[in-house]
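Structure first, then comments.
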Protein chains: 4
Amino acid sequence: MDLKQASKQLEQVRNQSLAYTNKGSVASYIPELAKVNSHQLGVAVCLPDGTILSTGDADVPFSMQSISKIFSLIVALCQNGKEYVFRHVGKEPTGDPFNSIIKLETTESHKPLNPMINAGAIAVAGMIRGANVDERLDAVMALMRKMTGNPHLSINQAVYCSEKKTADRNRALAWFLKDSGILETDVEETLDLYFRHCSIEVTAKEVATLGMVLAADGILVNTGERVIPEEVARICKTFMVTCGMYNASGEFAIDVGIPAKSGVAGGIMATVPQRMGIGVFGPSLDEKGNSVAGVKLLELLSKEWKLGIF
Amino acid sequence: MDLKQASKQLEQVRNQSLAYTNKGSVASYIPELAKVNSHQLGVAVCLPDGTILSTGDADVPFSMQSISKIFSLIVALCQNGKEYVFRHVGKEPTGDPFNSIIKLETTESHKPLNPMINAGAIAVAGMIRGANVDERLDAVMALMRKMTGNPHLSINQAVYCSEKKTADRNRALAWFLKDSGILETDVEETLDLYFRHCSIEVTAKEVATLGMVLAADGILVNTGERVIPEEVARICKTFMVTCGMYNASGEFAIDVGIPAKSGVAGGIMATVPQRMGIGVFGPSLDEKGNSVAGVKLLELLSKEWKLGIF
Amino acid sequence: MDLKQASKQLEQVRNQSLAYTNKGSVASYIPELAKVNSHQLGVAVCLPDGTILSTGDADVPFSMQSISKIFSLIVALCQNGKEYVFRHVGKEPTGDPFNSIIKLETTESHKPLNPMINAGAIAVAGMIRGANVDERLDAVMALMRKMTGNPHLSINQAVYCSEKKTADRNRALAWFLKDSGILETDVEETLDLYFRHCSIEVTAKEVATLGMVLAADGILVNTGERVIPEEVARICKTFMVTCGMYNASGEFAIDVGIPAKSGVAGGIMATVPQRMGIGVFGPSLDEKGNSVAGVKLLELLSKEWKLGIF
Amino acid sequence: MDLKQASKQLEQVRNQSLAYTNKGSVASYIPELAKVNSHQLGVAVCLPDGTILSTGDADVPFSMQSISKIFSLIVALCQNGKEYVFRHVGKEPTGDPFNSIIKLETTESHKPLNPMINAGAIAVAGMIRGANVDERLDAVMALMRKMTGNPHLSINQAVYCSEKKTADRNRALAWFLKDSGILETDVEETLDLYFRHCSIEVTAKEVATLGMVLAADGILVNTGERVIPEEVARICKTFMVTCGMYNASGEFAIDVGIPAKSGVAGGIMATVPQRMGIGVFGPSLDEKGNSVAGVKLLELLSKEWKLGIF
């Protein structure tokens, strides 16, 4: 890969996608997110040797939101093993919106269909071990600090508080899971942990680095240290394909073809097996909760660099 | 009505129904209710002049459970008017179980379909006014004390605590309602109020008296005092027909034909317009949550005395 | 009842309701029905002695549509007994629209919830016996001719053809019932029968007479002859309360309080136990499929004459 | 790839999976399929140069059933373009069973969620052009004959007739689609076409060849001729990952990680991009409709040969 040319192409697709920031709108149900400038768009690419290419708002911090679901799942799998985890949460994509509660009642097992929808991610948060919420949070933070190489990674307090105040639907999901016996830990503590995960602040560059570790099957790009078991990394990439982009995952798989996970703050973490991690930030969302310009950018980039895995 | 003969007939139908206490089982999801002797069966009839006929376990106290939904609705309607109340809860029966959450998501308004299912009753509890939960509880207690003439009517603390500990599905419903803006008051306070309503302790005789007041369109049998507006009494009786017996209401309307409301402690309050109130207590429940022997008893009594309104 | 005064009051409520014909619109999915003048409004009342009061468009013929569901049910019950019928169709109201298919899949028995929704009525049509469709139709026609005293009652061919051409959703319901084993007879023949039932042409006056027979528990007003078993008449009146007005039945029960069945041609048959049958015709429908002006008229009449049964 | 060793490994995994034919059972709802010997298990692998390795019942003919959905989709996309096709059918996986009708009613567009569930495949069949059903069938047959190099590929008449007789749920789906305007062609003709597609008879070896063409992005292994546009091949492989194995697709993606499509006659077509096509035949099915032993075999083979794409 010619880095100079790659940088230029990255800038081009970013510029071609910029107009899409006028479509959609920032997440409104979390007041802190509603304050963000919707016209931002940044992208960063992290290569196997750790090189980072970037353009646009790639250093602007934003909260991970649903992107954190991947890292909670990694920790839950490492702490509990996959047998235990998948007794409490399923592996199947769903055609329902990310905050839907219907299938918790209609499926016989009452298990959330997968760990990428809110119900599933809350169930996963309930499986993260620790003496208290702080310790349980640290388990995830420690992993992410190691993966990004940023020891100062921390949560955005304003987003966390905003989230906590407006998360009534998530509370409904958590209590339903508690009632079914899926959630075995304390509801409010688990929700608190879940909100904090969502509020972890990152930049597109850091997200690209996170994506590269997954692309390398769990190995740190700089040191070669394994931080995630290979099977766990593979499981995450699979979920990113089947349910990473909410109920637009199928469309994204066809149009872009890269494992990816989005968050309602406008971030997308994409991972091209063996080749690269990609971080995108574009806070204007479509009606399904994905970054409008971010999806467009990834579609163009995937075509330009032939990144699709299918 | 020949009282002697009526008493004898009442005894007969009670005895004919007694064997049905062997079918079904006591409510198991609230531990306090699971302790009750399932072979009990009592019935009381209150006539327009206040005369009470009774047989079997008609003086055994039990918690009202869902029967209280009628009295919360009365207070909510009196305090807020029907326009306000029915902006927050619907008037339609539903084929779903009493604790179902599905329709809260699928109906466009997110309104619970009616005030007799749990979601609807929680929404109604949220509309009961008062400076605090005690005052809000008193509004309902005061009405029921007046209607029964029992100033000592009170809640069963053990049932209340048991209920509060095991009510996670109700918490899910309440938070969903909060999220949709249907529930405007504090969730935990409203649930606390709802659990207390469910724990009010009555006997079959008292339930018969309550039913007679509704049968008399809201007028106290002894004093002639109006305690419920006529229209409110009529609304309650209508709901008792269309959704009083959970998702067996349609069958009960055909087989028995009397407005009635059941509770999972095994009570049923029935009301025959102008003619009588009936209180039944039989804690063994069918799979839909209605007293097995109690339903049988009312079916036999309705045939014997031609009580059906259709 | 002072007939002169009653006639005057009938005229008054009809005039007060006339403006409501401007709301809503005629059924559009059956082309033949879409041609009808939406400003018509007629009402007829049939008293226990056979006297008929009427005003407005009470002699305008219209197709029964869903009102016919009552008469199919009567014939099915008489031919098969209630045990058989209710093994194939339920007794419970549903919060779903009349043409909904969801519950056929989600309920364990796959039984339609009640005989008043399309799925249930198709199941009922499947239970009507006869050597062929003509004979099966005649079973229902013969009953209705006897009840109305009109030997010339017949089906509207244009409506029947229009119905048959546009009934794809009903075909979906029927094939689903066939697949579940609920519908045991030939699908196309049963649908044909169902469409013919829907196309039987009546006037508001005839509907009032039909309603009076039900009000009299199945006895012909003029001759005293029993044409419907008492229990069958009672079952029908009960269904008219719990599910006669589609998924607005609960609201109608509260606001009007009379057993009633509506049809999408704008007809409503109401029946006040022992007192009267009422036929209404007002083809402009609300979004749930009920005559807007017709419902208003019945609400006003119920208040004026205190017809509510609760 | 050492062919000798590969053949030996193939035999080994086949033998290790053989015991799984004792689990599950053959499809019972299509009588012709119920007659099949459930203990069969065959596998074939087609390599980029056309070499075929195989073991077990790899020459036993079986009907394609849902595997044919891929080839109908290819023809529909080639004839109509993807804009048109995806206006009538979605791209999203669903957590519902393959024959579910619920989402057709609950989603606003009434579009089947994807072309791999029955509703979606019927919609796709409706888009295949031709003067009559024979011509429309030939469009698919011609493609498959070219892909397999077998000019005698034909449908199994007994299966086709059996299918046609017992396909009432599919009829319900088709009529629902007709009612929503999703299906624009004749219902019975389209169903007839759909049943014939399902009845096309192939062997595991032929399925492996079909899978290899997709693995090669649409190019014939022997001649290098392009028979499917690259984008169409890619779309198919993506659907095979997100929804190829019914509502066990997510689990299969995690455990096996290869694009695959199964059918209820026990066949599975898998495709490993650039590397190989795999055909499996094992008629004993799990409760979701996938070959029990076939899935196991693919899981073992994927581990042995590192075939996973994630």
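Predicted model, so just to flag it, every value in this text is computed and none were measured.
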Can you tell me how far apart [atom1] ([X]) and [atom2] ([Y]) are? Round to the nearest 0.5 Å.
X         : Y         : atom1 : atom2 : answer
Lys91(B)  : Asn247(C) : NZ    : CG    : 14.0 Å
Phe86(C)  : Glu251(B) : CZ    : CD    : 9.0 Å
Ile309(C) : Ile309(B) : CD1   : CD1   : 4.0 Å

For chain B, the option from Leu113(C), Ile235(C), Thr242(C), Val241(C) that forms the most heavy-atom pairs under 4.5 Å
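Looking at each option in turn, the highest pair count goes to Val241(C).
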
Most heavy-atom pairs under 4.5 angstrom with chain B, which of Pro273(C), Gly90(C), Ala248(C)?
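If we count pairs closer than 4.5 Å to chain B, Ala248(C) comes out on top.
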
Please indicate whether Phe310(C) has more than 12 foreign heavy atoms, meaning atoms of other residues, nucleotides or ligands, lying under 6.0 Å from its CZ.
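Yes, the 6.0 Å shell around CZ holds more than 12 heavy atoms from other groups.
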
Is it the case that the side chain of Glu92(B) and the backbone of Gly95(C) share a donor-acceptor pair, with hydrogens and angles ignored and the cut-off at 3.5 Å?
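Side chain of Glu92(B) to backbone of Gly95(C): no pair is present.
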
Salt bridge present between Asp96(C) and Lys103(B) (N-O < 4.0 angstrom)
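Answer for the salt bridge query: yes.
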
